[in-house]
Every structure is written in C-alpha cells, then in structure tokens.
S.K.: 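Dropping the structure in here first, questions after.
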Amino acid sequence: MFNISKLLDEIKSSPYREIIVAAPHTGKIAFAGVEIGARVHGPQGRWKETPGTKLCTLERECNPKPVCAPENGEICQVHRELDGHFVEAGTPLVVLRHMLTRDEVQRIILQKTLYLFPAPERAKYYFTPEADKKIRASDARSVTVHNGMELFIMSRMKREVPLNYTGPDGVIYEVYFKYNKNLDAGSPLVGICPQDHLHIIQNLVMRVQTEWTET
Amino acid sequence: MDNNIEKYLQNLRERLIYLTDIFAGKHGDSAALLEEKLTAFAVRVRSGNCEDVYAELSTVEDLVAYVERRLEKTLTPMDRVRVVRHPQRVCLRDILENVYDNFTEVGGQDEHSLDPSMLIARAIITRRRGKKTYMQSVMVIGQEKGHGAEYRNGGSVKPWGNAKALQYMSVAETEGIPIHAYIFTPGSYPIEDYPGAAQQIARNIYNMAGLRVPVVVVISEGGSGGAEAIGLADRRLMLSHGYYSVISPEGAAAIEGRLKNGERATPELIEHCAANLNILAEDNLKFGYIDRIVQEPPLGARPWHFDFFRSLRQEVIRATDEVVISTRKIPVLRGLALARHRSPESDIDNLYIRWGLSAAAKARLVRRRQQKFLRLSRQAARDRRPFVTKTATAFFDWISKPWVIVKYDFYHKHQRQISTLMEEINNEIDMLKYRLLAPWRKLSRRLPSRTDNKARELTALSSWKEDGRSHRWNYISPRYKIDRTLTCPNSESYGCLDLWGPDLFAEFAGVCSHCGYHFPMEPEWYVNNVFDAGSVFEFNSEIEAGNPLGFPGFSELVARAKEKTGAKSGCMTFEARIDNIKMVVAMLMGTFRGGSVGAAEGYKFVEAAARAAKKRYPFLAYVHGTAGIRIQEGTHGVIQMPRCTVAVRRYIEAGGLYMVLYDTNSFAGPVASFLGCSPYQFAVRSSNIGFAGPGVIKETTGMDIPPKYHRSYRALSRGHIQGIWDRRQIRANIKQALLTIGGRNLYYR
Amino acid sequence: MSDAQPDGILRNHKILVANRGEIAMRIMGACGRLGIPFAAVYTAEDAASGHVSAARGEGGAKSLFRVSSYHDANELMSVADEAGCTAVHPGYGFFAEDFRFARRVTKRDRKMIFIGPSWKIIRELGDKINTKRLARSLGVPTVPGSDRPIYDEMEAERIAKTIFEFQEQQGISHPLVLVKASAGGGGMGIEEVYDPDQFRSVYRRIRNYALRQFKDEGVLIEQRVMNFNHLEVQIVSDRTRMNPVHFGTRNCSIQSTGLQKRIEVAPGFVPEALEYSFDARRVLDDIVAYSLKMARTVGYDNVGTWEWIVTRKGNPYLMEVNTRIQVENGVSARIAQIRGQGGVDLIAEQIRTGLGEPLGYRQEDIGFEGVSIEYRLIAEDPENNFTPWVGRIEGFSWKDAPWLTMLTHVPDRLPYEIPTEFDPNLALAIIYGKDIQEARERGAVFLNSLRLTGRDSAGEPLKSNVAFLKDNTGRILCF
C-alpha cells in the first residue's frame, strides 16, 4: 500500500488547480467588472441551479450570453486586451485559481489507488443498458465487474461497438466519463476497487474527509 | 394566594400580551400603563397587601376591558390580520367544545392525522320545542390552528387534507346532514404532490357547487385558495375581526414591491396593501360576498369569551335554518318562517326546524346556491355594452330558450333514433348486394386488366387536394423580423445550438428544432393558427377590466395593459371552428397583466360557459397564461374561483364537454378552481402548471424546490393533467380530443 | 493562375468556405484560380487537417477562424461578418442542402450570397414527395407507386395490389412493395412487403409508427426496385435560370453497406465498350433530357445532380435531386470539354455562376472524351463490415501519373491523426483513360502503387479499403 500521508502533503503543498475559462464559441467579448485577485464562485444551490459569477459576456449574432465561472476560485489572469474584440472559439479569456475541494482531493487520491480501466480510443462511452440500469437505480458501487465482462459501449464515427472490461474483479468505485462527451484514448473510464480492498479505500476516504480543510 | 387569583392574573397577563402583540408596538403607552397596574396589583396580591382581592381584581379587569374597548376603534386592517393569526385566538376545537353540544372527531386525532391542520368532526346540536328535545347532527369541517401548535401547520392545509375534507363532505351528503365549515387558514400549503394543492382545491370547489345538503361557512381567516377549498356555501358568515382576502398582505406586498427571492417587504408596504385590499368583514358584507357578520368581543374572540360562543351558536343554527327554510316551495310559508328566524329576539335553541330535505328541496337548494354565486361581483366589472345591445341579448336569450329546448332536447333525441334505424336498413341492403354480386366479382377478378391502365395509375400524377404537410402558419409572431439568435434554455443539457429568430418565430412556431422546447408565443398566434381561418367570432369584448377597489396606482397599470395588448380584459371569449367543429373558447391571455383573473375576466368566462351551454357547443378554456387571481381586485377577484366553477359545473351537468389547455405558465387561483376542475386538462409542452411559484413556496414553507418543479411533464406524472401536446399539433389534437371525448355528437351526452 | 484578377461580377467578393477536408481545399483552390479571396473555418479537433494548412498558406488576413463546430450556422455567420465575406460556399454535407441555412444567408440583415441554388429551389427539391409530384407533372418517369401520402387503408391496399400485379405483368419473379412513412427519412419507418396478404398488417404498423413518431399517419407505397443501376446527371445553370446545361452522366452503382458510394464512373454507360440488355444510349439521352426539362421548369440556378435508378430492363426512374455539388463531381469534369478545352472545374463554375456570372457557353459547346473512374479511399475496415477506424497515418504515397488526380486533405506533413468526429473519407483518386479498359488498367496500376501505413489506436497496423477496391474493380459496370 502506498503512502497516503505523503500524497496528501504533496497535494497540500500546492492545493490549487488552474482553470482556463475559454470562449465557448466565436463572438464579441465584453468583460464584466472582474479584476485579478477577485473571488468568484461556481454554480450554487442544492441543484446547482444558480449559475456562477459572471465573468464576461460573449455576443454572437445579437445574442449576448454570459460566461460564468465553473468553480469557486480566485481570478489570476484576465485577457483584458480582448475586451470589445472578436474572439475565436476556444480563446482563453480568464484564468481561475481553484482551491481543491475535499471531493476533488479524494478523487485525485482515488485515481492513484484504484485500478483504472483506460479508454482504448478517442470516442464517446456509455455503459451497457444492464449496467446503466443498475447504476441509475442505486449507484455505481452496486455493480461488480469481472475480467472479460461486456461493460461499455464505445461510440465513434456514428458507429457503436461493445467494449469488454479487462482487469481485476471488483466493484466500480468511480466513473470518469460523462454522457455524450468525447474521451481521449488512454484516459480512465472507471476506477475499480477489488472487493477485499474496499475497507482500505473507505479508510482513505475517511482520512481525506477529516484531514483536508476547505477554505 | 389562592390559585384562583393566580389564574385570573395569568389571564390578564395573557390579555396584555395579546394586546401588545396585535398592535405590534403601536399604543405602547396604553400597554405600559396596563403593565404597570398589573404588576403593581400582582405584587400586592403576592405580598398579601390586598384588602379585597376580588374587588381590586375587577377594577384591574375593568381597566383592561376599557383599554381593549378603546383600542378596538383604532384597529387597522393589518392589526386584524395579526388578531386572526394570534395563538390566543379562538380555534376550531374551542368552537367544537363551546358551540356544539357534543362531538366526535373523525378523520384523525390531534397530531395523528393525515393532515392535522384539517379537522373534521361529527357534532350534535340539541334543540327544544316545548318539552321535546331534538338532536341535530352536523358535519363540522375546518382548519385547525391549535393555538400555535407546530404540527397544525398554522391551518395551512396540505392537498391530502383538502381531499379528506372532500371525502367527509360527501359522507355528509350521503347522510343528509348539514355541513358547517370553519375557515381558519392563511392559505393552502402550496405543494404539488398528489393530489396537488391546486387540483384538489378545484375538485373541492367543483363538488361543493353541487352538494345536496345545506352548507354554512364561518370565516375567521380566509386566505384565498385555502379558504375556497371549503368555502362555497349557502350562507357565508364572517367573524367581525376576521379577514377574507385574495392573498396575505405580505404576499401582496411582495408582488407590489416586485421583490426578488430573499427580499422582505417593508412593514409600511404590507400595511398599505392590507389597507387597500378591502379584506375586512364590513367590506365583504358590502360587496355581498358574505351574508352576515358575527360580532366578536373587543380586539377579537379568545377562548374565554363564552358570550361570543353563544352568539356564534345562535348564528350558525339560524343560518342553517334559513337555508333549509329557503328551499321550501310555498313562498308565503317561506317568508313567514324566515321573518320569524331573522327577528333578533327569537331564541334559536327553542325553535326546531328539521334539517333533512326532500329530493326536490335538495335540487332547489343546489340551484339557489349556484345562482347566488353566479350573481356575485357583476358590479365589479365594467360592462361597456350599450344598453340596447344588452336588452337585445337578454330578449333574444328569452325567446330562443324554448326553441333551443325543442331543437336539442326533443328533435335531436328523436332524430338519432331515426338515423339509427336508417343505418340498420342500409347495412342490410349492402349485405344483400354483396351476396348477389359475389359470383360476378369472382368472375371479374380472373379477367386480366390491361397493363397500361396499371402503369398509368402507378406512374401518373395523382390528384391531391390538401397539402397537409406543407402547412403554412396563418399568423407568425412579429418577432420574426428581428435578425438575432436566441439560446434555448435547454441548451446546457441537450446541446441545442442557438436558434435564428426569423426561423424560430416563423417556420418553427417558436419550438426549438433540436430539443422541442417551446418558446412562448403571442395569444394571436393561437387564435389564428389553431382555429379555421376567419371562423373566430369574438363576443363580449366590451366587458372591461377596471379597478373596483380603487387600488392606488392600479388604474394606470390596467390602462397600460389595455393599450399594450389592444384588449379590454385578460380574457378573450370567442366562438370558433376547427374543421367545421364549432366551439366556444375562453382564452386567458398571459400578456394582459400576466393573465390574472379579475371580475371582468370571470364575468366573461361565466358568460362564455352559458353561451356554450345554450348553443350546445363544446367549451374550451385555452390558458395562454395566468398568474392567478388579480390581487388588486381583492375579494372581487377571489370570488371568481367559486363563481366560474359553478358556471363550469352547470355547463358540464347540462351535458357539455369542457376541456382545458394550459400553455406557458398557469398558476394559483384559476388552476385551483375553474380550470383544475375539468376532467380533461391538457398542457402544451414546456408549460408550467402549479399552485404557487417557487418564491412563494420558499416563503411559506421554507422548502427549496428543485428546478422544473412545475413543468408540465411533472404535472403529468403527478396525475394533474391528461396529456402534453406539441404546439404545432394543437389543432389536430383538439380535433382528435373533441371527436373522441365528445363522441359522435361531440358535445352532448 | 493564382494571380488572376477577378473581373466583372466576381470583383469585391469574398467567400466563406463553410466546410472542411477535401472539398474545402477544392473550393479554396477554385477561389485561388478565380482570384477571389476567401475565409476558412476549422475546429479544434480538425486543426491538423490539410485544409487548415492550405488556408494558412494561401489566404491573407482574416482568412482562418477556429469555430466550435462546423454544424453551427451561428458560428459561420459570425465568422463571415468578422471576415467581411459576401458569399458562402457550403461544399457538400453540413449545410449544402439546408434551405434554412441558404435562406438565412440571403435574408439576414447583412445579406450574403449562398453559392448554390436559391433556397426555395432547395426546399422544393429537398422534399422527395414534392420532387416526385413535380416529375410526374412533367411526364418524367418515377418509381411506380403513390406520389402523395396515403391516409386511407382501402386506398393503400388498392395501390399495393396494383403494384404487385404490375410487377407480375412485368415478369418480376419476386414482386416487392415498399411501405414507408411519408414524414420519415433516413431509413426509419420503412418496410418491405413480399406477400400481398401481409400488406395490411405492415401498413398498419407503419401507419401507427408514423403517427407516434411524426404525428402524421400518411404513408407512401412504392414498388421496391431491385438490381438497378444508380445513374446521375450533372446539371449546371446560372442565375438567369434560362439555359441549364448538363455535364454528362455518372454511374455510382458500386456501393458498400449503408449505401455509401465507393466507385463512380463517367459516363454513366459505355455503350461502345460494354454490352447491355437495353438501348443504353437511349436511356442516357432520356435521363439527360428529362433532367434538363425539370431544371428548366423549376428555374434551377446553380449546379445540381439528378439521381436516377435504371432497372435491368432499362426503365429509368427519377429518385431524387441533390441540390449541391457532389463528391464525385470530379469524374464528370475530368471527361468534359468546353469548346474543346479540358480542365473543367465544376466547383469554379459553381462559384462563378453562384456569384451571378452568366454561364458563357451552351450545350453545343460541351463535349466529352474518354472514361473516368473515381475511387474513394475511406478509413474503414473492409473485413469488418466497413467499420470506420481511427488512428494515425504514418505514410501515404502513390505514384503520380498524368492520368491521375488525387484529392486529399491528409496533410503532407505526417503523421496525421484521423479525427473521430467526421466522415472517414481520406482521399479521392480520379483516373482517366481513353476508354473503359484503359481506365481500369490504370486504376489497377494506381492501386498497386498506393502505400498507406500507420497504426490504429489499438496499435494494429492499418488495413485499408484498397483491398476491397481491387477486388471489386472487375465488377465495375457488370450488372
């Protein structure tokens, strides 16, 4: 078993993640009054129903749309030179410094402890209907997997192919892909925890929950 | 010190607390004076320095009573709101114990109840005539505030509580005993779980409109929908310190001040609203929405006011007797009996009237009740129809009635029999023909037909009159002229691309081409695109929305709405056709003051229902949008709930087909009455249906509600509506529904 | 020719190339030859595509924009405004046959030219029922069956019965009737009926499906034609709408699963070299004449393709009209000559006429010589049901020859990751020969010289569909 304290210390030494907020599409940019150093918040509410702090407005074809902060954080860079100009899709607009939350830290640590099943190709991934039904009914952890099990559907270039899971038997502890989003080859699809390791993982989660203080 | 004195002291102290509470800081000097006297007296009693404790006590009591009497005159409407909400105010259990001679609680006990805020009891009233005593049973239904007990929820009844009330109303109907309803509610609990706040209230009102037993209601705190849920009665009494209103003053202030969630209205604004909503007993008596005021002691009745209970007992019995007497057939006897009852000297307890009714009397009872409500509030709408038109309409109504009866009730019935006979004869003839020609057909089938004919049939242009698919809209929203794009609200979850306005508002009929989200369209769009072109005939357009309460600043708002929409009220009533199926339509327009319903809208709706009944047309209520009852019209607005429901019930019972179609946002009063009572309710996609908006729910219940709580598909799964239609298929769907629900003869059973 | 000065109408125009890959490169090439500036778009996934480097190399300022999606018309409009474009070329796919896009381009506040037929024509001919009725009204033959949605069960049965009988009389051994939802498309709500007794149940199934799915219970009932040739007629017209001309016929009968075209040949039939059981020359003349007649009637005003099916017995039926430039336009252009001059570029013709220049020649000026074959090289696995594959191309080479035109967006600089978001087309090889035999032989030479190396994402060596093409070259024009 690896050293979790060391890992935690490592994360603590730089408890940030930089988020680059880029233009979702082309258009004319107008920054809202955001300054470097200002604190912004991400979507809030029980259902994340209130959007985050407005960073700027992107206007395309007479349709101004707000660009909001995706997470809590502190603004560390604003591309003010773009203010009032036309930008292409994907142009970086604002850089946020996001303090890692407890859940995020937990996810980072879990990624290092779980067995990660990688995506074989850049494609969109779904669970097979049987697995999907189970996951929707309770949660991912109710699904046990074994080597060679048909678990995913890989969709690319308008074709769908079944994909078998290979690796140790266990339960699905984490799901890393999102519905209808492309995933790069090699990035993890699911994190698998062998049944007998479950208690170790739970210990670990416990430690993160107690030791990590959110600011 | 003896216990008794301590009790009296406690009572006085409570009266003092009550006094300070209801004035909310006003008249502080009087309160301070009393406080001082009371404390001094208490000190003296405790130290034993009193010579004649009871004499001093009565002095202090007199003083308190004097101050109460004096302050009674200064009560403002808002103070009265505080009176009815005070934990010390009489509650339904006090009334059950003091007004009735005995009772058994049914449908739950204390906190062990489906909904502790709705209390139902079978109660007994004992009366005497000469030496004989009579026991008379009543069903008592009402909201129980329980002197502030937490589980009673302040008399705010959940949907299932109202359902329970409805259940026992029908029990009373079966047993043939009168219903006494006591309204102690600030409003209904606005949640949508089945049976749904709005839908259940609608069901209650609809059923009360036809209850075949006398119903007497006593209003203490009458907060809009919650009050109407048990409030449609033959006699409506009101306690002198109560209020009866379309909305709580706080709610009105929130709307008036256009407050966003979280903000609070200032006390001044609330006071202002309370003062202008005309919510008091005297106001409602003047408007005719209640029949009688039950006088309360100064500053309102509390459980120890035994005189009050006595007079309340007299009043409810008298009211019930009056209702029973008024169903008597012979006018002279009726008049005499009523006169006897109404004289203030008569001792009701010693008069006995049987409360059971004959079948004919029950029918008269229901008819009288319905007519009573239909007559209400006419004066609150401005009828600009010229006198000649009105007279002509009335005259035409009068002379056409016999003709209509002959045409539909006699002729149609017999015509149907004749046509059934003819059909059967034709069937027989067809069968005969088929048998006779069978050999010939067999022969002709074997003969080869010429190839050319077949080829021509299969490859030549066929004739085709109607091009159903390339349907062009008769009306397109003027927004199509603006070159801009719009973002679909679902774009986040469905990935919809921005829509180009000219496409969206013309060809797409305001529907997102990706996810099917329906952007709101103008009322004109529906009028022109749903019905046959040129078939729309509007009537009663001269009936105008006004400002019957003289609410400050509201006349200008109404004038502005009229100017903006070109309509005189928020309800447009018209006759129209779909593929030659005629119907009467009442449309609530969301563009006119949010589609709120006031006296004029209710008037037009009632007239439309009557017209549909007279002409034997199906009646469609198309709700382009409604925000609820128009609060600035106060009880003139809220009375439209029972009124229009009565009209609908009369129409349905006469055999009509009443259908409701919701679009955009439909909330509160109208949904909780004349819309929600329809057995056939449909919604247009992306519409919201509910009782109270998210802000109000948060404000009243403290609950956070999830986004899309009121979406039509949620309403569908909760069982509130029967189906969801695409806007582009409204026409086809209405036709389909009319033909299938209305059957072959469309609108009449 | 890139330094050519545009004259007349073409002056002061700038074209937005609203497409990607091979067609974008061809449009930019045509613009270059006509001397018209252009602006190109690309998405983040497609940044390595050949059309991006070509645009970067050739275009001037404001000529290349990154957008979020090729499918988002708003992005294209926004870029067009920023770049100052006056016209939009949709290529094929994406917005090529979207009349709403064409309408938006021409009707928005800042109006532009849609290089393609006017939107009303796209709408009229984009609707198959409408096209069929139009054809019938002009006496143009179409697939036997109904030309309007049928709502009545009795009528539907009568039509089906007639189609069965008609096929029997034609000597078709296994008559088939096709029932499809009139509002459907893309293969949804279509069923075949081989037994007249089963028609009713199939009809009801399709009708109910259509009612549920499209809220329109109309169905179409047609003869199912088997073993046919797929022919196309290339039409070009200008904005005067007066005198459309044709650029010959093409045969696109060789298709893989999913009706994906693989190999196209111009001309459509080669009567002097191959034998047919019908009068091939007459069929070609007929379909060309019919197509021109329809084009003239609707006032067709740009390039377009009339798609035909020709039965074994030589009966042509109009199937649909493609109101766009097609992938395989190159084969027709390769064998065409204007006033004896070769090197015809149909895309340049499209741009020219689209911007309002008159055609400048008449049907008599157009001649044809030789035979041209086009192979589509597609990133897919022929051994595995033509599943598209993704991966990295490390080597892509072939032997150049004067008779070979290679069109590809695979950039010169390798390796190249094939993006997963788009069609897996890699390249088009157009081979010319003086007759069909020579073209076939040269095709074989080309395929032998073709080298495609790389690995798919699982690390396996690439397979290509070249094998499939080789196997099937012999099948060309064998019906």
Side-chain angles (χ1 to χ4, degrees), chain A residues 19 21-30 32 41-71 86-91 93 123-126 132 136-137 155-158 160 175 177-183, chain B residues 191-192 259-263 477-506 508 510 512-517 519-520 688 690 693-699 701-711 713-714 717:
Chain A
I19 300 172
V21 182
H25 55 68
T26 59
K28 202 155 269 178
I29 200 87
H41 60 81
Q44 284 176 320
R46 207 165 129 197
W47 297 274
K48 301 275 172 214
E49 73 272 21
T50 42
T53 315
K54 190 167 113 180
L55 301 176
C56 53
T57 311
L58 189 56
E59 183 174 340
R60 180 184 66 177
E61 295 290 282
C62 311
N63 183 18
K65 254 185 263 185
V67 178
C68 298
E71 292 282 355
F86 179 89
V87 295
E88 292 178 41
T91 313
L93 301 172
K124 291 169 184 168
Y125 291 87
Y126 312 95
D132 196 53
R136 274 170 204 270
S155 165
R156 56 170 168 68
M157 282 174 161
K158 303 171 186 168
E160 297 198 333
V175 179
F177 60 93
K178 280 204 183 94
Y179 177 79
N180 223 358
K181 286 266 155 62
N182 261 311
L183 215 65
Chain B
I191 47 172
E192 297 296 329
L259 300 180
K260 293 272 148 47
N261 41 342
E263 288 177 294
S477 160
R479 284 174 289 174
Y480 92 97
K481 287 179 191 145
I482 307 159
D483 177 18
R484 63 161 296 188
T485 59
L486 291 103
T487 308
C488 172
N490 290 339
S491 62
E492 196 86 333
S493 38
Y494 290 90
C496 311
L497 299 175
D498 283 6
L499 295 147
W500 192 45
D503 277 344
L504 176 66
F505 291 116
F508 297 167
C512 171
S513 53
H514 183 70
C515 71
Y517 174 82
F519 287 80
N688 293 302
V696 178
I697 296 181
K698 173 81 187 161
E699 177 82 26
T701 69
M703 284 194 309
D704 277 317
I705 60 153
K708 301 187 178 174
Y709 184 67
H710 292 108
R711 273 290 149 81
Y713 65 89
R714 303 290 283 273
S717 36

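Reminder, nothing fancy here: chain letters follow the sequence lines and each chain counts from 1.
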S.K.: Once rounded to the nearest 0.5 Å, what's the spacing between atom OH of B:Y517 and atom CG of B:L499?
M.R.: 11.5 Å

S.K.: Using a cut-off of under 4.5 Å for heavy-atom pairs, which of A:R46, A:K65, A:E49, A:R60 has the most such pairs with chain B?
M.R.: A:K65

S.K.: Side-chain contact, heavy-atom cut-off 4.5 Å: A:L58 with A:V87?
M.R.: yes

S.K.: Using a 4.5 angstrom heavy-atom cutoff, name the option from B:D498, B:I482, B:D483 with the most pairs to chain A.
M.R.: B:D498

S.K.: Flag the pair B:C515 / B:C488 as yes when at least one side-chain heavy-atom distance between them is below 4.5 Å, and no otherwise.
M.R.: yes

S.K.: Give, as side chain, backbone, both or neither, the part of B:I705 having an atom under 4.5 angstrom from any heavy atom of chain A.
M.R.: backbone

S.K.: Do B:N688 and B:Y709 touch side chain to side chain, with heavy atoms closer than 4.5 Å?
M.R.: no

